[in-house]
Structure formats: C-alpha cells, structure tokens
Protein chains: 2
Amino acid sequence: MSIPDTPASTIPEDVVLLADQLRIAIARMNRRLRAQTPGGVTPAQLTVLLILDRHGEQTLSQLAERELVSLPSMNRTVSQLVVQGFVSRTPSPSDRRVTLLQITDAGRLEAERTRRHRDQWLAARLLELSDSERAQLGRAAEMLNGMGCR
Amino acid sequence: MSIPDTPASTIPEDVVLLADQLRIAIARMNRRLRAQTPGGVTPAQLTVLLILDRHGEQTLSQLAERELVSLPSMNRTVSQLVVQGFVSRTPSPSDRRVTLLQITDAGRLEAERTRRHRDQWLAARLLELSDSERAQLGRAAEMLNGMGCR
DNA sequence: TATTGTTATACTCTATAACTATA
DNA sequence: TATAGTTATAGAGTATAACAATA
C-alpha cells in the first residue's frame with residue numbers, strides 16, 4: 001500500500017496548497033456521502049456490488065486491486081455481502097486456491113435500490129449546478145480515478 | 001446530520017450516474033490519501049490544526065460546524081491534539097460554557113511538518129498534470145466545498 | 001429551559017501479521 | 001517456495017444517546 005515519493009523540495013508551493021485544498025474537500029465530501037444511510041448496504045458494499053454487476057465475475061484479488069484496498073479489507077466486505085445473499089462464492093474449477101465472486105439476483109436488486117437512495121443527496125446537489133459545472137466535476141472524477149494508478 | 005431530499009423521480013439518469021461516479025472516485029481518493037501516514041498527526045487532526053492556524057481561535061462548535069462533523073466527533077479529535085500539546089483549551093471569560101481552542105507553537109510546527117509530508121503523494125500526482133488540469137481540480141474542490149452547505 | 005461541551009458506547013472501514021490450502 | 005484467500009487483531013473516524021455545567 002505504499003507509493004514512491006518525490007522529494008518535497010521539488011514541489012512548488014502552489015501545488016502543495018492545491019493538494020491541501022483537495023485533500024480537505026475530498027475528506028469532507030466523503031464524510032457527507034457516508035452520512036447518507038438510507039438503510040441499504042453500506043458504501044463499500046455497494047461499490048463492490050456495482051463492480052460485479054457492471055464487470056461480471058471477479059476474484060477477491062481483482063476486486064481489492066481495483067478498489068485499492070488490502071485483501072483482508074476486501075474479504076471482509078465481500079463476506080458481509082455473501083452473508084446477506086447478495087454475492088455468491090464459487091471455487092474456480094481450474095485453480096482451487098481461487099474463489100470466483102458473482103452478484104446474485106437479490107444483489108442486483110439491492111444494488112439498484114440502494115444506489116438511487118444513496119446517491120440521491122449528491123444528485124440533488126449536482127442538479128443545482130450548471131451543465132458545464134457538472135461536466136467539470138465529471139472530468140475531475142476521471143482525473144482523480146486516473147491519479148490513483150501507479 | 002440529515003439533509004432535505006429531492007424526490008428521486010425528478011433526477012435525470014445522467015445526473016445519478018455522475019453522482020455514482022463522483023461518490024466512488026471520492027471514496028477511492030480519500031482511501032489513498034488516508035493511507036499516506038508519514039508518522040505525524042492524523043488527517044482529521046491535521047485539518048483542525050490548519051483551521052486554527054489560518055483562522056485563529058475557535059470554539060468546539062465552530063470547528064464541528066465548519067468541518068461538518070458531530071460535536072462528540074470533533075471533541076475527540078481536539079482532545080487528542082490537546083494531549084499531544086498541539087492545541088490549548090482556555091475557558092471563555094465571557095461565557096463559562098464555552099472553551100476557546102488555540103493552536104500552540106508546537107502545533108504550528110507540527111502542522112507545517114506534517115502537512116508537507118502528508119500532501120506529498122497527492123502533490124506529486126498533481127505535478128504530473130497540466131496547469132489547466134490542476135486549475136480544473138481546484139475549481140472542482142471549490143464546488144465540492146460549496147455543495148456541502150445547506 | 002436552552003446551549004456548550006463531554007462521556008459512554010457502537011459501528012464502518014481500514015491495515016498488518018499470521019495462518020491455511022493449493023500450485 | 002509462491003500465491004490466493006482467510007482469520008485475528010488493532011486503530012482511525014464517525015455517529016447517537018445520555019449527562020453535566022452554565023446561561
């Protein structure tokens with residue numbers, strides 16, 4: 001989980017200030033988004049359901065790598081989904097160390113139900129912005145996602 | 001900590017999809033940023049130190065409101081800083097229910113030291129972007145901060 | 001009674017270390 | 001030995017509920 005560094009001295013002050021501003025804004029908004037708990041699955045669980053729904057069958061390692069979390073952390077989230085009946089575990093026929101994870105029909109239903117409720121607060125806020133502002137946020141989201149990958 | 005809703009039916013699908021994308025990108029980046037732990041104060045603690053440094057003396061309520069967290073939550077963070085000697089508590093002379101919180105000299109030193117290390121990973125990523133991309137992220141951060149306030 | 005802060009408690013998410021089973 | 005996954009344990013950060021002190 002560690003990332004190579006760049007010597008601090010080579011980074012201009014205005015970039016450090018932007019980093020500061022972004023970090024705080026992201027932490028705040030994350031807090032806000034986590035606070036929206038309409039009774040469905042948790043945010044981490046919903047994210048896994050959406051991945052399995054959109055990209056099909058995945059192994060635990062694939063999920064952990066995609067979401068940038070540790071294997072035990074992802075294992076915990078997946079186990080909770082299995083207990084709830086939203087994800088099924090199937091041993092891989094070709095390599096019995098590997099477990100294939102699939103979303104169930106109940107999981108698909110729950111994902112759709114929870115997604116709309118969980119994103120509703122944010123969506124309502126986005127609706128108050130202009131089209132171009134929304135487009136900017138979309139590009140920002142892509143940039144953030146792209147930055148994580150080294 | 002609850003926010004008024006907009007009926008789900010009035011929200012266009014593309015806005016819900018953007019909300020989804022943003023929520024996941026923010027959660028991921030938040031995880032990434034939290035993982036950068038160079039041994040200084042924690043992210044929540046650093047944020048409080050920066051507020052006290054930049055905006056001066058604050059009450060617990062003011063800090064909690066500004067960062068959009070509950071009073072007990074902010075109290076915990078502040079207490080940790082007090083124990084470490086980075087923040088001082090002074091009873092307000094005019095209203096003895098109120099406690100004024102100030103950053104100490106040690107706190108200022110620690111904030112500066114930790115800030116650069118903690119933001120270093122993100123700053124290095126930002127450095128790989130173009131000026132206009134950085135400007136976009138800056139505006140995105142402002143939008144995110146603005147959206148939290150109702 | 002209302003406000004400010006605090007304490008008690010619980011839950012989510014995350015990590016590292018140690019372990020098991022399979023290759 | 002190396003890899004995929006799991007279990008055990010710990011810590012950060014957050015919340016709600018109940019309480020104390022002061023206005």
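Below, chain A is the first sequence line, B the second, and so on; all start at residue 1.
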Trainee: Answer yes or no: is there a side-chain heavy-atom contact under 4.5 Å between A/R89 and A/V78?
Mentor: yes

Trainee: Nearest to the side chain of A/L60, heavy atoms from C-beta on, is which of D/dG5, C/dA17, C/dG5?
Mentor: D/dG5

Trainee: Please report the distance, rounded to the nearest Å, between CG in B/L68 and P in D/dG13.
Mentor: 16 Å

Trainee: Take the protein atom CZ of B/R118 and the nucleotide atom P of D/dA12, then report the distance between them rounded to whole Å.
Mentor: 11 Å

Trainee: Stepwise, does the side-chain contact (heavy atoms from CB on, under 4.5 Å) test hold for A/R54 with A/L50?
Mentor: CA-CA 6 Å; A/R54 291 175 186 168; A/L50 292 180; 4.2 Å; yes

Trainee: Quick one: label A/P43 by what it contacts on the DNA or RNA (base, sugar-phosphate, nothing), any heavy atom closer than 4.0 Å.
Mentor: sugar-phosphate

Trainee: What's the CG-P distance between B/D95 and C/dG5, to the nearest Å?
Mentor: 8 Å

Trainee: Examine D/dA15: is either OP1 or OP2 under 4.0 Å from a nitrogen or oxygen in the side chain of B/S70? Give yes or no.
Mentor: yes

Trainee: Is there a donor and acceptor pair, one atom on the side chain of A/R97 and one on the base of D/dT3, closer than 3.5 Å?
Mentor: yes

Trainee: Check the distance between D/dG13's C1' and B/L46's CG and give it to me in whole angstrom.
Mentor: 15 Å

Trainee: How many whole angstroms separate atom CZ of A/R76 from atom P of D/dG11?
Mentor: 16 Å

Trainee: If the cut-off is 4.0 Å, is A/T42 near the phosphate of C/dT12, judged by side-chain N/O to OP1 or OP2?
Mentor: no

Trainee: Looking across every strand, which nucleic acid part, if any, lies under 4.0 Å from B/T77 by heavy atom: base, sugar-phosphate, or nothing?
Mentor: nothing

Trainee: So does B/N75 get a side-chain nitrogen or oxygen closer than 4.0 Å to the phosphate oxygens (OP1/OP2) of C/dG5?
Mentor: no

Trainee: Could you give the distance from CZ (B/R115) to CZ (A/R23), rounded to the nearest 0.5 Å?
Mentor: 9.0 Å

Trainee: Using the side-chain heavy atoms of B/Q80, tell me which of these nucleotides is nearest: D/dA23, D/dG13, D/dT16.
Mentor: D/dG13

Trainee: Tell me whether the OP1 or OP2 atom of D/dA15 has a side-chain N or O from B/S73 closer than 4.0 Å.
Mentor: yes

Trainee: Are a donor atom and an acceptor atom from the side chains of A/S92 and A/S94 found within less than 3.5 Å of each other?
Mentor: yes

Trainee: Does A/R34 place a side-chain N or O at less than 4.0 Å from the phosphate oxygens OP1/OP2 of C/dC13?
Mentor: yes

Trainee: Quick check for you: among D/dG13, C/dG5, C/dA23, whose closest atom lies nearest to any side-chain atom of B/Q45?
Mentor: D/dG13

Trainee: Please compare A/L71 and B/R89 by the position of their nearest nucleotide in DNA chain C and report the one closer to 5'.
Mentor: B/R89

Trainee: Whether B/S61 contacts C/dG5 is assessed here as follows: a side-chain N or O lying under 4.0 Å from the phosphate OP1 or OP2. Is that the case?
Mentor: yes

